[in-house]
Amino acid sequence: MRTAIGVGVCVVFAACGAGETEVGAAAGGKLEFVDVAREAGLDVVIECGDPRRWYIPESNGSGAAWLDYDGDGDIDLFIANGAKLVYHEDGKRLELASTWNGPRLYRNDGKLHFTDVSKDALPTLAIDLENAVATGDVDHDGDTDLYLANFGPDVLLVNEGGKFVDGTANAGLGCELYGASAAFGDVDNDGDLDLYVANYVQFDLAHPPLDGKREVLGGVEVGWGPIAENKQGLNAGARDVFYLNDGKGHFTDATASAGLALETPLCSYAVVFSDVDGDGWQDILVANDLEPCNLFRNQGHGKFVDEAVARGFAFNADGKPTGAMGLSVEDFDGDGDMDVLRTNFDFEANSLHVNDGHGRFTDRAAALGLAEPSIDKLGWGGGFFDADLDGDLDLLVANGHVYPQAKEVQMSGWAMPTQLYECTADAAGVIAYRDATARAGAGLSANHSARGIAFGDPDDDGDVDALVIDLDTPPRLLENRSERRGHWLAVKTIGTASNRDGFGACISVQAGARTWTREMRATQGLYSSHDTRLSFGLGRAERVDTLTVRWPSGRTSVLNDVALDRVVTVTEPEEIKR
């Protein structure tokens, strides 16, 4: 860790009285999520290939991002989109369709209503299969930029006063591999955002594997999976790429020099930056499909070594690699370190890697109630959030199969529920999760083939809502109408010596005998980026005794006696000269 310490407060509110925090709660409060997308004006249909999904790029889908693109204080919405695919000569050659719904940028007008401003605020983009969207201020100018990871050349959209321009070439970017995910983080703590792009498989539309012939399961044609599944060398992994920022928004491929190059490329999905061992340096976690996951530990100044096997992260509880898709990193058990949810394939339970405080993990999904309800699901995006503000973290997971023919081949079905898991605790405070989907309202009652989830508070009412991407239909905007069981606080960070977004900052909220800890980041789960006003549900707390932000630079901000039910903006302090 750095040793220079400053104490700075951007906003301080007077305390509003002493109170007790709620140490876990039994289930019982009303949980309700209602799909208001249509009324909100979100009408774009999400496309991804041909309805048969015979080829591996067609089933992956896309994500979304909450961001304040116009600087007016509320969060707007960017929705990535794929494209339809045309099969020629029974699949010997594939081609992107000439018509394209394209991505959409929606301006938040307040009261959960949005206006499509794509034509005015987005540049003209070539037809592509978009997968993931990562947000961050790459040029440190105070507004949020967008990185699109695509099947085909990736794109950097630079925000210039509320209008996006294609800044890909000027930034030295434009990876042409099959991008499945991307995230920004400051690996060397030098005050700018670096970029990791997770790429999936090698696939050529003009020359699909085996001249377009499909796998046959029980007489039914389905798409070939990744190389570790088909065992025939098809759909081999594509190398991931790490880019180092020069501080001026220009990037250089530093994959090899940072120690991130693998001898054999893997089939990667989600990537998340997180300081899992608490040493002040951002590590990198990568989910790989049917191959060991990566935990690249940052040894300092952005030099990495993969310690996933040694630290218990590479495999599931059975010691096996899984069809890993999404990663969500939070302190779900309140012990001050970062734990990791990993979503997996059909007939594989999701994994919950619990941190021992030193960056070593044990998969405890079964003991915590997350394994059994997920065994017949195929998980994609998702994440922890406090649905009812009772002080503990609940969980939402998007599910959907890669095979429209899933039931025909004795799998669990193309459309699946998006699952809400409620966090509960017994009298001794022991945490467990239970599937609360069935009683959580109309927004979760119907089955969909869902992919990305983006969490945010677009109506500024203090609870967290969710945008869910569903294939072949408009997205769902799940308004949170759950019964509130406590207060809340949201924290926004502005870096000065650190990167402008404050990505990598550790935020601790202490109230009474309880402390909540989160890391500032925008991108996790899968394909999606989230509201960077980090939300804390605080249960019965009537005030926050101390809010502490430990910045990537090593500086510290401390706020005392913070009032509740509001957004607090914390700006990194100047260094104290001794």
Side-chain angles (χ1 to χ4, degrees), residues 27 29-35 61 63-64 269-270 287 316 322-328 330 332 339-353 363-388 392-402 406 411-424 431-455 463-471 473 475-482 524-528 530:
K30 179 183 179 183
L31 296 173
E32 184 179 15
F33 289 84
V34 177
D35 181 11
Y269 270 113
N316 67 2
T322 63
M325 310 296 198
L327 297 174
S328 179
E330 296 288 353
F332 84 94
D339 312 295
V340 187
L341 172 82
R342 184 169 80 199
T343 57
N344 295 319
F345 200 77
D346 198 6
F347 302 141
E348 294 175 337
N350 292 336
S351 303
L352 183 55
H353 297 277
D363 182 357
R364 300 194 63 237
L368 290 161
L370 290 176
E372 190 277 332
S374 65
I375 193 70
D376 61 345
K377 307 296 188 299
L378 197 164
W380 297 85
F384 293 98
F385 71 117
D386 192 344
D388 51 5
D392 53 36
L393 289 179
D394 308 298
L395 176 64
L396 190 68
V397 177
N399 299 306
H401 218 287
V402 297
M411 291 189 176
S412 299
W414 168 251
M416 296 178 174
T418 297
Q419 289 174 293
L420 177 67
Y421 295 91
E422 182 180 13
C423 184
T424 67
I431 287 176
Y433 283 90
R434 73 179 215 174
D435 189 342
T437 309
R439 63 183 183 87
L444 298 175
S445 61
N447 289 348
H448 300 265
S449 201
R451 297 299 186 262
I453 297 182
F455 294 95
D463 56 30
V464 177
D465 310 301
L467 190 286
V468 183
I469 296 294
D470 298 320
L471 294 190
T473 68
R476 280 173 288 160
L477 177 55
L478 300 182
E479 182 188 2
N480 188 346
R481 298 182 184 176
S482 301
Q524 62 173 335
L526 184 62
Y527 300 152
S528 301
H530 314 284

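Note that the coordinates shown come from a computational prediction; the quantities given were computed from them, not determined experimentally.
Counting heavy atoms from C-beta outward, E422 and D394 have side chains that approach closer than 4.5 Å. A 4.5 Å side-chain heavy-atom check between L31 and R439 finds at least one atom pair inside the cut-off. Residues R476 and L444 form a side-chain contact, since some pair of their non-hydrogen atoms from C-beta on lies under 4.5 Å apart. The closest side-chain heavy-atom distance from D35 to L478 is below 4.5 Å. Inter-residue side-chain proximity for F347 and M411 is flagged as met; some heavy-atom pair is nearer than 4.5 Å. In this structure, the side chains of R342 and N316 come closer than 4.5 Å at one or more pairs of heavy atoms. Two residues are said to be in side-chain contact when any heavy atoms from C-beta on lie closer than 4.5 Å; F332 and L368 meet this criterion. Annotation: side chain of V397 is in contact with side chain of L341 (closest heavy-atom distance under 4.5 Å).
Taking every heavy atom of both residues into account, L393 and D386 meet most closely at CD2-N, 3.9 Å. Contact between L420 and T437 at its shortest, heavy atoms only, is N-OG1, 3.0 Å. Listed here is the closest heavy atom pair of A387 and N480: O-ND2, 2.9 Å. The minimum heavy-atom distance linking S374 with Q419 is given by the pair CA-OE1, 4.4 Å. Nearest heavy atom pair, residue I453 against residue G382, reads CD1-CA, 4.1 Å. Across all non-hydrogen atoms, the minimal contact from V464 to F33 is O-CE2, 4.1 Å.
Residues satisfying the salt bridge (charged side-chain N to carboxylate O under 4.0 Å, His left out) criterion with R481, sequence neighbours excluded, are E479. With sequence neighbours excluded, the residues that form a salt bridge (charged side-chain N to carboxylate O under 4.0 Å, His left out) with D463 are R484.
A donor and an acceptor atom, one from each side chain of S412 and D346, are located under 3.5 Å apart.
Taking the six-membered ring where the residue is Trp, W380 and Y269 present perpendicular rings, their angle passing 60° and hence far from 30°.
The only member of N344, D363, N350 that meets side chain to side chain donor-acceptor pair (under 3.5 Å) when paired with T322 is N344.
Interatomic distance, H401 NE2 to M416 CE, rounded to the nearest 0.5 Å: 5.0 Å.
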